[in-house]
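One structure is given below, encoded as structure tokens.
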Amino acid sequence: MKTIPVMILIMLAPAFFHCRAAPPKDVSSLLVPIIQQNDVPGMAAAVLRKGEIVAFGVAGVRTRGKGDKIAATDLFHLGSDTKAMTAFLCGILVDEGKLKWSQTLGETFPELKKTMHPQYQAVTLEQLLTQRSGAPGDVEKDEIWGRLYQHRGSATSARQMLLRAVTSKPPAATPGEKYIYSNAGFSIAGHMAEKATGKPWEDLMREKIFRPLGMTTAGFGPPGTPAKNDQPRGHKAGGSPVEPGPAADNPAGIGPAGTVHCSIGDWAKFIAAQLPSSKVKLVKPETLQKLHTPAPGEPKYAMGWIVADDQPWAGGRALSHAGSNTMWMVVAWLAPAKDSAILVTCNQASGKACNDAVLALIGDLFKD
């Protein structure tokens, strides 16, 4: 199992609710036929405008074959949409003077000078976060993935092991020259944050992002309690549910690349912090712009975001990213020019179901 590098690009001509004067539009009925047509257990969706949720809906069930329905406050696994959060955390640390975009692996980990390949020593934080570091897209062939699953120490020590294993060999491509979607690269970026602060990535996420934004449901790994149908379950491709536990997620060592879970309302709080009208400014304006600016070359990948130009529904440029650990699927679309965003979650890895929901929400709420 690994995080699917899905980047759905649609080239088209809650506690969060109490602050609105009027309740959000209920779009639950829009999700029902999408669930039926795609044979998925359940979904949730939200639309933001000017920092407020203006449309919200849930439909379906937590677990296939059981009657408990998806609730508005239920938790969904975000997969690779964690990457934008890790990049945002790094941006906060850059603003605090604890990291630099140009900071290299060699500078950050001088103790590895003898074992780190020379090309990796010059790799920067920015290259890691824009998928231009040369870090491999697949670490299974070197048995690193299996070692991460078997690791019995802390998540931080697992990331240290990953760093040593990856950087002891030549990069998969010359750093800075080629796009390679790499969970390992993002995990190493998260480990740079750990080294700079002396704190685990998980603690930094709570301290710097979750608590300031009021994301009270945010956590790590598969949501829910084993043997209790208290939260949605992820489902395999064939539709069978997976109980919370080690087999229900990627190893904790790659947390910075994709292990966050939360309610869609709390995810909306993070997404709102990416938009022009954000009331909570956790990074400087120039830092937010940096986070949303793609590296040269194709695809246009910024720091945890794919950039899609000329999207009519978005009023121009849009930012997007999908996430999946092969048992869940989520997708976010941001339209900065309209100060808006669309979020969709599903407790089975169906990119089509999420895509269909995004299209339906665009048709319903972005007609002008």
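None of these values were measured; they are calculated from a predicted model. The figures here come from the full heavy-atom set of this structure, side chains too, leaving out hydrogens, waters and symmetry mates.
Taking the centre of each ring, Phe88 and Phe270 come in below the 6.0 Å mark.
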* To do: Determine, step by step, whether Asp309 and Lys300 satisfy the side chain to side chain contact (heavy atoms under 4.5 Å, CB included) criterion, reporting the C-alpha distance in whole Å, the side-chain angles of both residues, the deciding distance to 0.1 Å, and the verdict.
  => CA-CA 9 Å; Asp309 294 322; Lys300 294 182 177 179; 2.4 Å; yes

* Kindly indicate, with the supporting measurements, whether the criterion side-chain hydrogen bond (donor to acceptor under 3.5 Å, both in side chains) is fulfilled by His151 and Ser157. => CA-CA 9 Å; His151 188 76; Ser157 66; 2.7 Å; yes

* To do: Please report the C-alpha distance between Lys199 and Glu207 in whole Å, then the side-chain angles of each, then the deciding distance to 0.1 Å, and finally whether the salt bridge (Lys or Arg N to Asp or Glu O under 4.0 Å) criterion is met.
  => CA-CA 10 Å; Lys199 298 178 180 180; Glu207 175 188 341; 2.8 Å; yes

* Apply side-chain hydrogen bond (donor to acceptor under 3.5 Å, both in side chains) to Lys290 and Thr287, showing your working. => CA-CA 5 Å; Lys290 178 81 171 179; Thr287 299; over 6 Å; no

* To do: Could you check Glu107 against Lys113 for salt bridge (Lys or Arg N to Asp or Glu O under 4.0 Å), going step by step and ending with a plain yes or no?
  => CA-CA 9 Å; Glu107 292 169 343; Lys113 184 175 181 179; over 6 Å; no

* To do: Mind running side chain to side chain contact (heavy atoms under 4.5 Å, CB included) on Gln348 and Arg64 for me, showing each step along the way?
  => CA-CA 10 Å; Gln348 187 168 327; Arg64 189 185 296 273; 2.7 Å; yes

* **Evaluation steps, ring-ring contact (aromatic ring centres under 6.0 Å, His included), between Trp201 and Phe186** => CA-CA 12 Å; Trp201 170 80; Phe186 255 82; over 10 Å; no

* Evaluate side chain to side chain contact (heavy atoms under 4.5 Å, CB included) for Met205 paired with Met85, printing each intermediate quantity in order. => CA-CA 8 Å; Met205 292 286 284; Met85 295 181 176; 3.5 Å; yes

* Could you go through the side chain to side chain contact (heavy atoms under 4.5 Å, CB included) check for Arg206 and Arg211 one step at a time? => CA-CA 6 Å; Arg206 295 185 187 100; Arg211 284 200 287 269; 3.9 Å; yes

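For the residue pair Gln274 / His292, a side-chain donor-acceptor distance below 3.5 Å is found, with atom types taken as modelled. Asn229 and Asp68 share a side-chain donor-acceptor pair at under 3.5 Å.
Annotation for Glu96: atom CD counts as buried by contact number, over 12 foreign heavy atoms lying within 6.0 Å. For Glu143, the CD atom is loosely surrounded, since the number of other residues' heavy atoms within 6.0 Å does not exceed 12.
Scanning both residues, Asp249 and Gly221, for their nearest heavy atoms gives OD2-CA, 3.2 Å. Val242 and Lys236 get closest at one heavy-atom pair: CG2-CG, 3.7 Å. For Arg49 against Ser340, the heavy-atom pair with the smallest separation is CG-OG, 3.1 Å. Looking at every heavy atom in both residues, Asp266 comes nearest to Gly214 through OD1-O, 3.6 Å. Residues Ser277 and Gly51 come closest through the heavy atom pair OG-N, 3.3 Å. The heavy-atom pair separating Leu282 from Lys208 by the smallest distance is CD1-O, 3.6 Å.
Looking only at distances, no side-chain donor or acceptor of Asp364 sits under 3.5 Å from a matching main-chain atom of Ala360. Under the 3.5 Å distance criterion, the side-chain polar atoms of Thr124 are matched with a main-chain donor or acceptor of Gln127. Checking side-chain atoms of Gln37 against main-chain N and O of Ile34 turns up no donor-acceptor pair under 3.5 Å. The backbone N or O of Ser102 sits nowhere less than 3.5 Å from a side-chain atom of Glu126 that would complete a donor-acceptor pair. No donor-acceptor pair under 3.5 Å is formed between the side chain of Ser263 and the backbone N or O of Thr73. Checked by atom type and distance alone, the side chain of Thr82 pairs as donor or acceptor with a backbone atom of Val260 at under 3.5 Å. Panel note: side chain Glu243, backbone Ala227; a donor-acceptor pair is recorded below 3.5 Å. A distance-only check finds no donor-acceptor pair linking the side chain of Arg62 to the backbone of Gly42 [under 3.5 Å]. Of the possible donor and acceptor atoms, one in the side chain of Arg159 sits under 3.5 Å from a partner among the backbone N and O of Ala252.
Considering only heavy atoms from C-beta on, Trp101 comes within 4.5 Å of Val94 through its side chain. Using a 4.5 Å cut-off on side-chain heavy atoms (C-beta onward), Val58 and Asp74 make no contact. Side chains of Asn325 and His77 form a contact here, defined as non-hydrogen atoms less than 4.5 Å apart. Two residues are said to be in side-chain contact when any heavy atoms from C-beta on lie closer than 4.5 Å; Thr108 and Met192 meet this criterion. Contact of the Val123 side chain with the Thr104 side chain is not registered, since no non-hydrogen atoms from C-beta on lie closer than 4.5 Å. No side-chain heavy atom of Asn347 sits under 4.5 Å from any side-chain heavy atom of Arg233. Here the side chains of Tyr181 and Lys83 are in contact, with some heavy-atom distance below 4.5 Å. Residues Thr130 and Thr293 form no side-chain contact, since every pair of their non-hydrogen atoms from C-beta on lies 4.5 Å or further apart.
Under a hydrophobic-cluster definition in which Ile, Leu, Val, Met, Phe, Trp and Tyr are linked whenever side-chain heavy atoms come within less than 4.5 Å, directly or via other members, Ile180 and Trp145 are assigned to different clusters. The hydrophobic cluster containing Val40 also contains Leu31, counting ILVMFWY residues as joined when their side-chain heavy atoms lie under 4.5 angstrom apart, directly or transitively. Residue Ile209 is grouped with residue Leu129 when hydrophobic side chains (ILVMFWY) are merged at heavy-atom distances under 4.5 angstrom, including chains of intermediate members. Both Val280 and Ile92 belong to a common hydrophobic cluster when Ile, Leu, Val, Met, Phe, Trp and Tyr are linked at side-chain heavy-atom distances under 4.5 angstrom. Under the 4.5 Å side-chain heavy-atom criterion for ILVMFWY residues, no single connected hydrophobic cluster contains both Val61 and Ile35.
Using the six-membered ring where Trp is involved, Phe76 and Trp328 have ring planes that are perpendicular, over 60° apart on the 30 and 60° scheme.
Listed by first and then second residue, the salt bridge (charged side-chain N to carboxylate O under 4.0 Å, His left out) pairs that reach into residues 160-180 are Asp142-Lys169, sequence neighbours excluded.
In this structure, Leu275 CG and Glu52 CD are separated by 12.0 Å, a value rounded to the nearest 0.5 Å. The CZ atom of Phe210 sits 11.0 Å away from atom OG1 of Thr216, with the distance rounded to the nearest 0.5 Å. Here Tyr120 contributes atom OH and Ser133 contributes atom OG; the two are 6.0 Å apart, rounded to the nearest 0.5 Å. Within the model, atoms CD1 of Ile271 and OG of Ser278 stand 11.0 Å from one another, a figure rounded to the nearest 0.5 Å. Rounding to the nearest 0.5 Å gives a distance of 7.5 Å between CD1 of Ile254 and CG of Leu148. For the atom pair Met43 CE and Thr345 OG1, the distance stands at 7.0 Å (nearest 0.5 Å).
Looking at Val47, Leu48, Val330 one by one, the single match for side-chain contact (heavy atoms from CB on, under 4.5 Å) with Leu343 turns out to be Leu48.
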